[in-house]
Amino acid sequence: QVQLVESGGGLVQAGGSLRLSCAASGRTFSNYGMGWFRQAPGKEREVVAAINWSGSSTYYTDSVKGRFTISRDDAENTVYLQMNSLAPEDTARYYCAAKRGTAVSRREEDYNYWGQGTQVTVSS
């Protein structure tokens, strides 16, 4: 089992920045690919960014490319999502997820463990 706890969400004005953190415990963190997903009210959950086991490969959905950066610190068992130039359409609950296997994946069904999420609200 892997337990994931997100933090760092909050209320920010458009154009501002937030850094989300996801602390993992339970199994060897470095064996897992990691992802950030988000779900806005009335919408389906969507992938935001993903990273492979070593950090050498990443994926970003088109709407966040150039604004968000995913990274991981295996010594701290933590994955981060740095979010810059935030816009109201980024408002959502953000979830961290872990997948067995070391590859990067954008597919929700590939992920085995999920956190409870952290709310990000961007005001215009």
Side-chain angles (χ1 to χ4, degrees):
Q1 283 282 13
V2 175
Q3 293 80 43
L4 303 172
V5 179
E6 302 95 335
S7 62
L11 174 64
V12 64
Q13 288 188 333
S17 297
L18 284 173
R19 188 176 80 156
L20 305 184
S21 299
C22 173
S25 61
R27 292 291 183 96
T28 305
F29 179 69
S30 60
N31 290 345
Y32 289 80
M34 302 296 295
W36 285 98
F37 293 77
R38 66 186 179 187
Q39 187 168 22
K43 294 187 177 181
E44 293 187 353
R45 189 159 57 186
E46 64 172 353
V47 64
V48 176
I51 191 166
N52 71 338
W53 70 283
S54 66
S56 62
S57 180
T58 57
Y59 168 83
Y60 296 95
T61 195
D62 285 346
S63 62
V64 308
K65 285 180 181 177
R67 301 189 298 125
F68 291 11
T69 302
I70 188 171
S71 61
R72 63 188 299 158
D73 183 340
D74 288 352
E76 297 293 329
N77 284 2
T78 302
V79 63
Y80 301 98
L81 185 67
Q82 177 67 43
M83 306 187 295
N84 299 327
S85 301
L86 283 161
E89 50 265 36
D90 296 315
T91 294
R93 190 162 187 86
Y94 283 70
Y95 298 88
C96 172
K99 58 176 291 291
R100 300 188 192 97
T102 56
V104 65
S105 175
R106 62 181 178 180
R107 304 195 320 162
E108 185 173 337
E109 57 265 35
D110 287 342
Y111 288 81
N112 309 104
Y113 304 103
W114 294 82
Q116 294 299 306
T118 185
Q119 180 67 34
V120 172
T121 303
V122 184
S123 63
S124 58

For [X] versus [Y], what's the shortest heavy-atom pair and its separation?
X     : Y      : result
Tyr95 : Gly115 : CD2-O, 3.6 Å
Pro88 : Ala14  : CD-CB, 4.1 Å
Thr91 : Gln119 : CG2-NE2, 4.1 Å
Ala98 : Val2   : CB-CG1, 4.5 Å
Ser17 : Ser85  : OG-N, 4.3 Å

[X] vs [Y] side-chain heavy atoms within contact, under 4.5 Å:
X      : Y      : answer
Val104 : Thr58  : no
Thr121 : Val12  : no
Arg38  : Val47  : no
Phe37  : Glu46  : no
Leu20  : Trp36  : yes
Met34  : Leu4   : yes
Leu86  : Val122 : yes
Thr69  : Leu81  : no

With rounding to the nearest 0.5 Å, note down the distance linking [atom1] in [X] to [atom2] in [Y].
X      : Y      : atom1 : atom2 : answer
Ile51  : Ser71  : CD1   : OG    : 6.0 Å
Gln116 : Cys96  : CD    : SG    : 11.5 Å
Asn84  : Arg67  : CG    : CZ    : 9.0 Å
Asp73  : Ser30  : CG    : OG    : 11.5 Å
Lys99  : Glu108 : NZ    : CD    : 14.0 Å

Given the rule that I, L, V, M, F, W and Y join up when any side-chain heavy atoms are under 4.5 Å apart, are [X] and [Y] in one cluster?
X     : Y      : answer
Leu18 : Val64  : yes
Met83 : Tyr59  : no
Trp53 : Tyr113 : no

Review point. Would you call Asp110 and Arg100 a salt bridge, using N to O less than 4.0 angstrom?
Key: no

Check your understanding: For the residue pair Phe68 and Tyr94, does the interplanar ring angle fall in the parallel (under 30°), tilted (30 to 60°) or perpendicular (over 60°) class?
Key ->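 Judged by the thresholds at 30° and 60°, the geometry between Phe68 and Tyr94 is tilted.
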
Would you find a donor on one side and an acceptor on the other, under 3.5 Å apart, between the side chain of [X] and the backbone of [Y]?
X      : Y     : result
Asp74  : Asn77 : no
Thr118 : Gly9  : yes
Arg93  : Gln39 : no

Check your understanding: Step by step, would you call Asn52 with Thr102 a side-chain contact (heavy atoms from CB on, under 4.5 Å)?
Key -> CA-CA 6 Å; Asn52 71 338; Thr102 56; 5.8 Å; no

Check your understanding: According to the salt bridge (Lys or Arg N to Asp or Glu O under 4.0 Å) rule, which pairs have a member within residues 5-22, sequence neighbours left out?
Key ->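 Non-adjacent pairs meeting salt bridge (Lys or Arg N to Asp or Glu O under 4.0 Å): zero.
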
Review point. Is it true that atom CD of Glu44 has more than 12 heavy atoms of other residues, nucleotides or ligands lying nearer than 6.0 Å?
Key: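 Incorrect, the count does not exceed 12.
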
Practice item. Could you tell me whether Arg45 sits above the aromatic face of Trp114, with NZ or CZ closer than 6.0 angstrom to the six-membered ring centre and within 45 degrees of the axis? Key: yes

Practice item. Test Ser54 against Ser56 for side chain to side chain donor-acceptor pair (under 3.5 Å), laying out the working first. Key: CA-CA 5 Å; Ser54 66; Ser56 62; 2.8 Å; yes

Point to revise | Test side-chain contact (heavy atoms from CB on, under 4.5 Å) applied to Ile70 and Tyr60, step by step | key: CA-CA 9 Å; Ile70 188 171; Tyr60 296 95; 3.4 Å; yes

